[in-house]
**Q** 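Mind looking over this structure? Questions follow.
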Amino acid sequence: MKTMSDTSTVREAFILLMLSVFLALVYNAFSQKGLSLIRKPPVKIATADSILFSRKEVQMDSIPGGKSTVIPPEHERARASRDSAAAPVAKKKDTGYKIVTLDQVKRLMGEGRGLFIDGREANEYAQGHIKSARNISYLEVDKHFEELVAIPRDTLIIIYCHNPECSLGRDLADFMSQMEFHNLYLYDKGWDEWVASGMAVEKSSSGNK
Amino acid sequence: MKSILRSRPVVIISRLVLGTVFILASIDKIAHPDVFADAVAAYRVIPEALVNIFALAVPWLELVCGVFLVGGVFIRSGSAWLSMMLTVFVVAMLSAMARNLKIDCGCFGAEHASEVGWARVWEDVGLLALGIHLFFFGEPDFSKEGRGRPPAGTSLADNP
């Protein structure tokens, strides 16, 4: 009888599995957010220096809480510059993440360009971060929504996390891409490489400054 | 101790808690499969190509098992599935922690994102205890599972 009971449990478990798989496939087939059954790995695209460093930029003082040099939004004046009008879509799941290297990050910082966003958690940010970076962790992205809304959509933004294994930076890039930020770059090797290279770090008692 | 574990109120509470938690956990994952797939991929424990199939099937298995548990149907098999899934989740989280991955646990979908850590591990261990309890002490008389099933060594003819 013990065996019969076990057999019955296995049969029922199989029924549950088949029912779940059936419902999942039917839902996926009709859902607007349906996924392809075979997933492709995230595409990372190296960014050429000519894309990052050959732009005319306009100094904007309107970014709340920041002094970054940004590219103006798309309007007639901006269209005169190729920055805004031709700014490529930085991150889409079908086009990939645009990756910047340590050298490119150093050069951008040296030129005072770009808005740096630390995608790690607030306590990790407080222990040390890249100078002038803001902290917007994907885990608390809703709290920062209004802060993000206030940033011009074609601001040059560099997001970083711990290292290429850390998904929080990519998740934040996805989120900001959906908000139509289209000048996003991912410093993929992130904080770990920054510290290992002996670069300057800044500490903060607050997580969101 | 066994009599307490077998008692109807304890079993019902265990069923309702485990079933409800998994129903709630599945809804956002079903609504946003792409986000859950990203969360699964971030663990880097299953091949990239299989991530979407896993991310599509698991939330529905959670929902179906949760609904069946709350309804008192297929308790043993439902709790077995949930226990197996919880074991996989715990192992995956420990693996991520060992590799120092800072990732969203994907436990309750995008609406309640939280980083992998000991708090999430202990939550799942607590739920796993409920799953194991239901697997071994699920109340057969109260649920459809045991309804009409003759005791060991008897046949239906003995129970007119």
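Order of the sequence lines sets the chain letters (A, B, ...), proteins ahead of strands, with each chain counted from 1. Side-chain atoms are counted along with the backbone in the values below, which use heavy atoms only and exclude waters and symmetry mates.
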**Q** For A13(A) and S77(B), work out which heavy atoms get closest and say how close.
**A** N-CB, 3.5 Å

**Q** Return the option, out of D171(A), I15(A), L17(A), V10(A), with the maximum number of heavy-atom pairs under 4.5 Å with chain B.
**A** L17(A)

**Q** Counting heavy-atom pairs under 4.5 Å to chain A, which of A42(B), A41(B), P33(B), G78(B) comes out on top?
**A** P33(B)

**Q** Taking every heavy-atom pair that is under 4.5 Å apart, which of R120(A), H162(A), E124(A) has the most such pairs with chain B?
**A** H162(A)

**Q** Can you say whether I30(B) sits under 4.5 Å from chain A via the side chain, the backbone, both, or neither, judging by heavy atoms?
**A** both

**Q** Any chance you could measure E12(A), atom CD, to W81(B), atom CH2, to the nearest 0.5 Å?
**A** 13.0 Å

**Q** With a 4.5 angstrom heavy-atom cut-off, which part of L25(A) approaches chain B: side chain, backbone, both or neither?
**A** neither

**Q** At what distance, to the nearest 0.5 angstrom, does CG of D174(A) lie from CG of D34(B)?
**A** 9.0 Å

**Q** Are D38(B) and R39(A) ion-paired here, with the side-chain N under 4.0 Å from a carboxylate O?
**A** yes

**Q** Could you tell me which portion of S31(A) (side chain, backbone, both or neither) has an atom closer than 4.5 angstrom to a non-hydrogen atom of chain B?
**A** neither

**Q** Do any of residues 49-59 of chain B have a heavy atom less than 4.5 Å from a heavy atom of chain A, and if so, which, in residue order?
**A** A49(B), V51(B), N52(B), I53(B), L56(B), A57(B)

**Q** Please report the C-alpha distance between F68(B) and L19(A) in whole Å, then the side-chain angles of each, then the deciding distance to 0.1 Å, and finally whether the side chain to side chain contact (heavy atoms under 4.5 Å, CB included) criterion is met.
**A** CA-CA 12 Å; F68(B) 276 43; L19(A) 178 61; 4.0 Å; yes

**Q** Other residues, nucleotides and ligands only: do more than 12 of their heavy atoms fall within 6.0 Å of NZ on K143(A)?
**A** no

**Q** Rounded to the nearest 0.5 Å, what separates atom CD1 in I75(B) from atom OG1 in T9(A)?
**A** 11.0 Å

**Q** Return the CG to CH2 distance between L23(A) and W60(B), rounded to the nearest 0.5 Å.
**A** 5.0 Å

**Q** Counting a contact as any heavy-atom pair under 4.5 Å apart, which residues of residues 115-122 of chain B contact chain A?
**A** E115(B)

**Q** Given heavy-atom pairs under 4.5 angstrom as the criterion, report whether the side chain, backbone, both or neither of R99(B) touches chain A.
**A** neither

